Amino acid sequence: MASAGLVRGTLAAVTVVVLAAGPEFLRPSQLYLVSLWAVTAIAAMGLNLTLGYAGQISMAQGAFVGIGAYTVALLMQAGLGFFPAFLAAGVLCFAVGWLLGYPALRVQHHYLAFVTLAFTTLVYLLLRNEQWLTNGVYGISGIQRPTALGFAFGTAARFYYFCLGIMALFLGAMWWMIRSPWGRAFMVLRENPVRALSLGVDTRRYTLLAFAIGSAVGGFAGGLFAPLVQFLEPNSFSLGYSLSLLLMVIVGGAGYLFGPLVGAAVAILLPDFLRFTEGYYLLLYAAAVMVLMAFCPQGLIGLSERWQANRRARLAAGGER
Amino acid sequence: MSAFIQLVVSGLATGAIYALVAVGFALLWQTSQTINFAQGEFVMVPAFFVLVAIKYWGFGYWPAIAVGFAISALLLGAAFKGLVVEPMLRHGVLPLVISTVALAILMKEAVKDFYSSQAQQFPAIVEGTDLDFLGAVVSTQSIAVIVVAIGAVALLNWFLSSTLTGRAMQATAQNRNVARILGIDVERMILYTFLINGLLTALASFLISPIYLAKFTNGETLGLAAFVAAIVGGFNQVRGAVLGGLILGILDNLAAAYVSAQYRAAVPLVVLVAVILWRPQGILGRVEERSV
Amino acid sequence: QSTVYIPNLAELSGAGAVSGTNWRDGIILAVEEINAKGGILGRKLDVPHVDTQSEASIARAQIQKMIDNKPYVILGPVFSGSVLPSMELSKAAEIPQIMGGEAAAITQRGNPYIFRTAFGQQVSMPKIANYMRDGVKAKSVAVVWVNNDFGKGGRDAFVAEMTKRNIKVVADVSTESGQVDFASDVVKVKNSPAEAIFVYTNEEESARFLREARKQGIKVPLIGETTLLGQKVIELAGEAANGVKGHVGLTADAPVPALQAFGEKFKKRFGYANDHNGIKGYTAVYVIKHVTEKIGKFDSKAFAAALHGMTITPAQEPGILMEATWDKNGDIDRQSFLGEVVGGKQKIVEILPKAGL
Amino acid sequence: MASVLEIADLHKSFGGIAAVNGVSFTVEEGEIVGIIGPNGSGKSTLFNCVLGQLQPTSGEVRIDGRVTTGMRPCDLNALGVSRTFQLLQVFPELTVRDNLIAAGQEHCGTMFSRLFGPRDAGLGPVADRMIEFFRLSHVAGERAGRLSYGQQKLLDAAMAFMGGPRLVLLDEPAGGVNLTMLGDLRERLRAINRERRSTFVVIEHNMDFVMSLCTRVLVLAEGRIIAQGSPDAVRNDPKVIEAYLGP
Amino acid sequence: MAPDRSAIVLTLEGVVAGYGPMTILHGTTFAVERAKITTVIGPNGAGKSTVFKAVFGLIKVRTGRIAFGGEDVTNLAPRQLLAKGISYVPQGRNIFPELTVLHNLELGGIAAPPEIDLPARIEAALDRFPILRSKAKAQASTLSGGQQKMLEIARSMLLDPRLLLIDEPSIGLSPMMVRETFDILKDLRDRGTTILLIEQNARSALQMSDRGLVLEQGQTRLADTAKALLNDPRVGELFLGGGSRPEHGAEEK
Ligand SMILES: Nc1ncnc2c1ncn2[C@@H]1O[C@H](COP(=O)(O)OP(=O)(O)OP(=O)(O)O)[C@@H](O)[C@H]1O
Ligand SMILES: Nc1ncnc2c1ncn2[C@@H]1O[C@H](COP(=O)(O)OP(=O)(O)OP(=O)(O)O)[C@@H](O)[C@H]1O
Ligand SMILES: [Mg+2]
Ligand SMILES: [Mg+2]
């Protein structure tokens, strides 16, 4: 037990140090990639709440990232500062997510998946067709990076710290919420809604909350996505993006705090290391996901946990003898 | 008026294809509680088996079709069941859903990387003659599709509800442990399901590829449409899937013509959501009642 | 150092795979030829091919990665949607980018490092419009376009040109990329009083549209721009493609021996017939060769400066295939063609002069 | 003072079949009422209607004099009404201890305080006592889905008491529970009933348990009450013997 | 009293089994006599159901041996065991919720040898549980808890097993139905079926049984005739609810 904690602590510390020293040894493109990882991980964290903890299958997270990104881009174009725009993105997504939660009160599982899928398609069509607002297929470019207290986050390195900082913030908040009774309420929602309801858990409120918070987090991720990529177009937020976020959450480990970070790393950072796979990366990735699902549907974190549990059991068995 | 008839008739032809694919969905659901997100790709791929047989192995049309069915049964039926579904069923629905999402990517990428990223011509079973129907044009291909789809569905419906094997397949889906305890050959039941699905999708593939051309991305729209059809009609009723498919095909055409072409993709989805909220079990579906 | 790093970023998967693959194979062909002859200024070309997966955000990440490695010139991408976000980066790094995008917006931002290999829509659409007015003599037209950046951009430019020429657009039909059923779209144009139909969609969709149009018995001329008369569309649409007319920017079937020879080489090397993207990729590499040899050094900034206003003729550089001129915005100008599909083959009926930008 | 639970002419039918067919009765504070009746006589359906799991076709339910028909189960729970289920209903992936805390946490503080307050909402000690009592200590950290049938049944019962309810409806709490444990459970119910004046309504087929625990017994058959009274009176009622107990 | 050696049909010898890394059965050993009802009792979580799962091949036996009719059947698959004449009725709810009652019932006979007249058996089962006949066309999930259990018991009557493993059939059944169920078991025994029964309702179960077993922490604590166990003070106190419980004697009818 103690050794597992030690391993985990060391791992966390090393990760933090490596990330902090990033700009020292990473090239700009790698800084960009790690920033993109952080942003994607935030989006996946939101989905992890809805899906992993509350058990509501959502294929709409990509759409929320899109809504958040466009909100920030458009508000900044209209002259608002980054931070108010960022906040507005989260609030808007919270509200829309709350509304999207209503169907979840009536239907579950694959039905719900399709309601959210329909929503994603609608958002995509709106972004594409309402050119007066979103500039349609031509997209929005030239989005400024934020300035805080006179400090500009314009360069790759500074914006890298900015993204990582915000990610850490969300990770902390998520951790806090999950270990609070709210987290337990979300989980009982997933486990047995009928029993939960009879124990006074207001399943309607928690379902809507799970959707709204998850979506808001997605919106915040979008709020970072816009200044990071500095170019928005509807295609980035089509169904494929939502699906890949879904894959990330599951691959990392749904219902584990760090699952989304791992999942996003696999989808975003790993291809960079596996350059030799070039055109076949997606093929290999898909195959790997299938193997993982067959072998350990709890994802990579679940896998490592199982490995640790086995080791512990072996140690304990050894101790007995 | 003739425009309207044309839209409906064309919609029916498209709808019949959706129906054929949707039936596979409903079948998988009813008999193994599996949701196959790669169903569209299951329709996309068999056409390439045939193309390979024709182009690289020098087969004639009918032998190639036979080979196509055989490979489909083997890969999309047996191998899918053995390698994807079987190891995952015990983990519940979600991992399986994810796995089929990954499978869809895998199939698309494989066709693209190992065959071609470009659309391919595909030979037709019946030479497409166009017939005039109340001022609208219908091709014999479309009629063949409709007839085959309805025939396949009638057969399946009978099989599932009127034979012991059909019911044993449903029982297997609803409670595998009990099925095993009662001595139902669970493995074989699941295998049947997937073989039937593999053959159905192959059939759909051979019927539509001459019209739609064979391309690795074809599954995306088709799978989605079929899924929507299955839900609209009723997920747990094979005949519901047919109704859903036809409705969807017609609706799509009418929406594009009379509502908005830019939002045509939205119309079926809005209908879908309306159906889900108003009648979650689908138009012909059964309510899945549970007592507490 | 014996190689020079000229990375290529292309749509090798996703929606743009057809175009991207063609573009890449054109480049491969040119690079092989040049390297076989000893490279440029004695240095071999090192041209890795990187996939955008047809997604803008990935394109952007990939181009950043290329820039880290200090490329001489960047090739690609082909989709305007991927060019627009990535060109900001190459501009900031002062590295010339020779790409395949056709959206008008690309060259309207005063970016001194971006260069086209094909007409922008602001050049090709006037040509089509003139043809509509003078060749087809249509008073009213229908336009069928695919609703993505390519189709929408073309449609906007086309409609503007029609208005200028007092031709009415009586049906404006948007279609989806990947759409398989064109019944309702054909019904719409059929029911409109259009005297000609302009079809501006990607390859397969064009073929499917043509088939449905023939099935429903459309009689008015079907007019297209490059894609509609392309090899792939003819192959897929079969009979239904016969009679299609329009403007062709680049084609291996043009009565230009160099282009035809290229087409044969390409087919021999890759086993399929190229489309205009193959030519775009091929010529892009030869542009680099020519300009570099002209300036005599590998200097990115000097390269960009030199290419503006330059005209390259096949006499100077055979690999350029056709004489081409780049203006100060990076737009390209060269001859183009009017064509028609006859008996399942593209036939060039007229060579149009340079637009004279 | 109003009765704790009043049911007036309650009907519930499923597609023409009347499962509950005009049931009326009241339960006073501090009573322990047993409900018995043949299988399918509508006992569970009655509970489901009272607790908002099902919408009654007609009739009225009042709790503390307040009409509660149509209220959601969670709102009823907030009024101090809780229940157990006939079929196993636990949170299978949560540990036994977390099951219990989840069962009580909505009664502690506000949404706000639950987000920022302690992790176990202050329920840890209560949960531990519950675990102790139901002899689940050795499996307290185990996931609930891995318990034996009887253990899950006990856990389900324990969960019903976590919120400190005033009215508890128990649907066959004894099924599958070891007899010794059952004796303890009975004593516990009596004690709670005595000390907190909590009210119980118990559906049960185990006659020993019902007869020794309840102050009053109702007999349901075909959706109607056919007899009620003291345990002894009911046991000797010929109608009850014919419909339920058998010769 | 030790069981009659020559009449033994099922033996477990030192069976060790469990779930994942957990061990529940720590060398369980006992023997069951032919054409007798043997009742297994024990506290909740003792491993009673686990024993059944191990015998029926649903969990893996790690060490030890299970023999049926002199043959080693350790770790055979359920279908093989069914073919050898063992059938199993698990604890809890075990129906196919979306099939009709009749179709549920019918599937109980799927492993039947061809000589069995299934329609007649189904009729007989419906006769014993008339309520199921009236609900024959209803979806099984709409049955009440007790009715679902009846359906399971009726389903188990379709085969003629040589050994029937039945896990707490009385849960959720009204007293009348419990008696009916026990009558069915007695009939089966009289026709030669060996019955191994788990019951918490220990007193009435032991009263109709021939032999009894007490299982605790995955091990056999006592094995004797049912009568002897009923009169055993240790058993009375622990498993018959004796001691603290006021006697009502309802079961003495
Ligand atoms: N699926 C499972 N996974 C892990 N552990 C299990 C599982 N099923 C049972 N157990 C554990 O095995 C032990 C014995 O369980 P079993 O079901 O055999 O008990 P039992 O004697 O039948 O009890 P009951 O009378 O409550 O039915 C229990 O401690 C339980 O926690
Ligand atoms: N959802 C439903 N649809 C149709 N009929 C139902 C439904 N739920 C219950 N019933 C029927 O209503 C009747 C009463 O069922 P209920 O579950 O209330 O019985 P019960 O008294 O609790 O029986 P048991 O003692 O067996 O649990 C039964 O005949 C049952 O079949
Ligand atoms: Mg009941
Ligand atoms: Mg048990």
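Keep in mind it's a predicted model, so treat the numbers as computed, not measured. Every chain is numbered from 1, with letters handed out A, B, ... down the list of sequences.
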So which heavy atom on D:Gly40 is nearest to which on E:Ser144, and how close?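 Smallest heavy-atom distance, with atoms named: N-OG, 3.3 Å.
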Is [X] close to chain E through its backbone or its side chain, or both, or neither, when contacts mean heavy atoms under 4.5 Å?
{"X": "D:Glu172", "value": "side chain"}
{"X": "D:Ala174", "value": "neither"}
{"X": "D:Glu142", "value": "side chain"}
{"X": "D:Leu154", "value": "side chain"}

Mind checking the [atom1]-[atom2] spacing from [X] to [Y]? Nearest 0.5 Å is all I need.
{"X": "D:Tyr149", "Y": "E:Arg93", "atom1": "OH", "atom2": "CZ", "result": "11.0 Å"}
{"X": "D:Met181", "Y": "E:Gln200", "atom1": "CE", "atom2": "CD", "result": "11.5 Å"}
{"X": "D:Asn178", "Y": "E:Ile41", "atom1": "CG", "atom2": "CD1", "result": "9.0 Å"}

Does any non-hydrogen side-chain atom of D:Asn39 lie less than 4.5 Å from one of E:Met177?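 In contact.
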I'd like to check E:Asn44 versus D:Val177 (side-chain heavy atoms, cut-off strictly below 4.5 Å). Are they in contact?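 Yes, side chains in contact.
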Neighbourhood of chain D inside residues 167-176 of chain E, taking heavy atoms under 4.5 Å as contact: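 Answer by number: E:Glu168, E:Ile171, E:Gly172, E:Leu173, E:Ser174, E:Pro175, E:Met176.
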Residues forming a side-chain hydrogen bond (donor to acceptor under 3.5 Å, both in side chains) with E:Lys53, sequence neighbours excluded: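 With neighbours one apart ignored, the set is E:Tyr19.
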Tell me, yes or no, whether the heavy-atom count around D:Glu93 atom CD, taken from other residues, nucleotides or ligands under 6.0 Å, exceeds 12.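 More than 12 heavy atoms, drawn from other residues, nucleotides or ligands, come within 6.0 Å of this atom.
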